[in-house]
Amino acid sequence: MSQSARHSASPSPAVSRLGGDALHDPVIDWFGEHARDLPWRRPDAGAWSVMVSEFMLQQTPVVRVLPVHQEWLARWPRPADLAAESPGEAVRAWGRLGYPRRALRLHAAATAIAAQHGGEVPRDHAQLLALPGVGEYTAAAVASFAYGQRHIVLDTNVRRVFARAVSGTAYPPNATTAAERRTAQALLPADEAVAARWAAATMELGALVCTARSPECGRCPIAAHCAWRLAGSPAHDGPPRRGQSYAGTDRQVRGRLLAVLRASAGPVPQAALDAVWHEPVQRARALDGLVEDGLVEPLADGVYRLPA
DNA sequence: CAAACGTGGGT
DNA sequence: TACCCAAGTTT
């Protein structure tokens, strides 16, 4: 029987026509041949390695994560090791991965794991979700990749694969919808181990073949079933895909300020921070924001440092 | 729910 | 040169 019958009252027409069974084997077989050998996927990689990678990979490409992930695991092999450090050291070691609040949240998550979970990354999806910086995607990813559980894992790659293969659109909606969750649930293999493999395989397919810019359909194991291809690969029609501005924004100023703090072993005088941006109002607002977020700690006399 | 939140490489 | 995009989460 189809998995959809058990978990979805009425699968969408597209899912019924496609049927998960037609897709599982080709995608999983393709994964077996083409999966990248990533550190957090190796047999000896523990849940902590997976969790660190998931935090780092939130909006940051794999190639830039690789060296930093290796450093972190060597330096802090268990959650308690990171928890024993100051949050500022986590922010410093985060380097230029971007979105440094992730470093703070990962440190906070490690602290919670050490204090409330006996130092072990929790297996339970709800407990994972309760950790700082862990949202719907990351909770499912850790439960699935680290512990082999059966969860829908909806990242941008999987959403794009399903948008094309199932819905026949060039791109998924801007935000994850209930319809996407239904589709993913209907396609999720019944067997736990197969489901976990499927999650990793669909993600890898999106990352390597069914890419955003120029998909290589000639290498796609399910091209023959793809609704988007069958419809003639129509261009994206909906509202413009949301872009991110950066130049001149507070984000850019925050980035410069934090770069100075990261580069300094000790506290930094106001003057060194003032040098990174000409406009005093925006500069002050950005610094206040960093303090507000806990990324920067003000000391007396206009001196600042990463949080101790 | 839209907007904020870094950084860098590809086209 | 601009703009797009990258294993999202939080408010």
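Naming: A, B, ... by sequence-line order, numbering from 1 per chain.
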- Does A212(A) or G133(A) map to a spot on DNA chain C nearer the 5' end, using the closest nucleotide for each? A212(A)
- Message: Closest approach to the side chain of R105(A), judged atom by atom: which nucleotide of dG8(C), dT10(C), dA7(C) is it?
- Response: dT10(C)
- Note on the structure: Checking dT7(B), dC5(B), dT9(C) against the side chain of D250(A) (C-beta onward), the nearest is dC5(B)
- Roughly, in whole Å, what's the span from NE2 in H69(A) to P in dA6(C)? 21 Å
- Message: If I take atom CG in residue N157(A) and atom C1' in nucleotide dG8(C), what distance separates them, rounded to the nearest angstrom?
- Response: 12 Å
- Item | Any donor-acceptor N/O pair under 3.5 Å between dT7(B) base and R64(A) side chain | yes
- Task: Check whether any side-chain N or O of Q59(A) sits under 4.0 Å from OP1 or OP2 of dA6(C), and answer yes or no.
- Result: no
- Item | Integer angstrom distance from the P of dG8(B) to that of dT9(C) | 23 Å
- With a 4.5 Å heavy-atom cut-off, do H107(A) and T111(A) have their side chains touching? yes
- Message: Under 3.5 Å, is there any donor-acceptor pair linking the side chain of R213(A) to the base of dC4(C)?
- Response: yes
- Task: Using heavy atoms to find the nearest nucleotide of DNA chain B for D293(A) and A175(A) separately, return the residue whose nucleotide is more 5′.
- Result: A175(A)
- Query: Are side-chain heavy atoms of N157(A) and V161(A) found at a separation under 4.5 Å?
  - Reply: no
- Hits for salt bridge (Lys or Arg N to Asp or Glu O under 4.0 Å) against E297(A), two or more places apart or cross-chain, chain-then-number order -> R305(A)
- According to a strict under-4.0 Å criterion, is Y246(A) in side-chain N/O contact with OP1 or OP2 of dT7(B)? yes
- Grab the CZ-P distance between R101(A) and dT7(B) for me, whole Å please. 12 Å
- Message: I want to confirm an ordering. Mapping L131(A) and T211(A) to their closest nucleotides on DNA chain C, which one lands closer to the 5' end?
- Response: T211(A)
- Message: I need the CG-P distance between L287(A) and dC5(B), as an integer number of Å.
- Response: 14 Å
- Quick one: label L154(A) by what it contacts on the DNA or RNA (base, sugar-phosphate, nothing), any heavy atom closer than 4.0 Å. nothing
- Query: Which nucleotide in the list dA6(C), dA7(C), dG8(C) gets nearest to the side chain of Q58(A)?
  - Reply: dG8(C)
- Task: Could you tell me the separation between the CZ atom of R159(A) and the P atom of dC5(C), rounded to a whole number of Å?
- Result: 13 Å
- Of all the nucleotides listed (dC5(B), dT7(B), dA7(C)), which has the minimum atom distance to the side chain of R262(A)? dT7(B)
- Query: Between dT9(C) atom P and L129(A) atom CG, what is the distance in whole Å?
  - Reply: 9 Å
- Task: State, yes or no, whether a side-chain contact exists between L258(A) and W94(A) at a heavy-atom distance under 4.5 Å.
- Result: no
- Message: So F145(A), base contact, sugar-phosphate only, or nothing? Heavy-atom distance under 4.0 Å.
- Response: nothing
- Counting N and O atoms only, with roles assigned by atom type, does the side chain of H69(A) sit under 3.5 Å from a partner on the main chain of S49(A), one being a donor and the other an acceptor? yes
- Message: Using a distance-only criterion (donor-acceptor N/O pair, under 3.5 Å, no hydrogens), is the base of dG8(B) paired with the side chain of T60(A)?
- Response: no
- Task: Describe the nucleic acid contact of G135(A) in one word from base, sugar-phosphate, nothing, applying a heavy-atom distance below 4.0 Å.
- Result: sugar-phosphate
- Query: Listed by chain and number, what are the salt bridge (Lys or Arg N to Asp or Glu O under 4.0 Å) partners of E216(A), not counting sequence neighbours?
  - Reply: R219(A)
- When you get a sec, tell me which of dG6(B), dC5(C), dA7(C) is the closest nucleotide to the side chain of V62(A)? dA7(C)
- Query: Using a cut-off of 4.0 Å on non-hydrogen atoms, how would the nucleic acid contact of V63(A) be classed: base, sugar-phosphate, or nothing?
  - Reply: nothing
- Message: On DNA chain B, compare the nucleotides closest to S214(A) and L290(A); which residue's is nearer the 5' end?
- Response: L290(A)
- Nearest heavy-atom neighbours spanning R102(A) and M56(A): NH1-O, 2.9 Å
- Would you say a side-chain N or O of T138(A) is under 4.0 Å from OP1 or OP2 of dA7(C)? no
- Starting at CE of M203(A) and ending at P of dA6(C), how long is that distance when rounded to a whole Å? 13 Å
- P-based separation of dA7(C) from dC5(B) [nearest Å]: 23 Å
- Query: Base, sugar-phosphate alone, or nothing: which one does W40(A) contact when heavy atoms must sit under 4.0 Å apart?
  - Reply: base
- Item | Nearest-nucleotide pick for R254(A), side chain only, options being dC5(C), dC5(B), dG8(C) | dC5(B)
- Message: Regarding L258(A), tell me which of base, sugar-phosphate or nothing describes its non-hydrogen contacts under 4.0 Å with the strands shown.
- Response: nothing
- Is Q252(A) touching bases, backbone alone, or none of the nucleic acid, heavy atoms closer than 4.0 Å? nothing
- Note on the structure: Separation of dG8(C) atom C1' from R251(A) atom CZ, nearest Å, is 13 Å
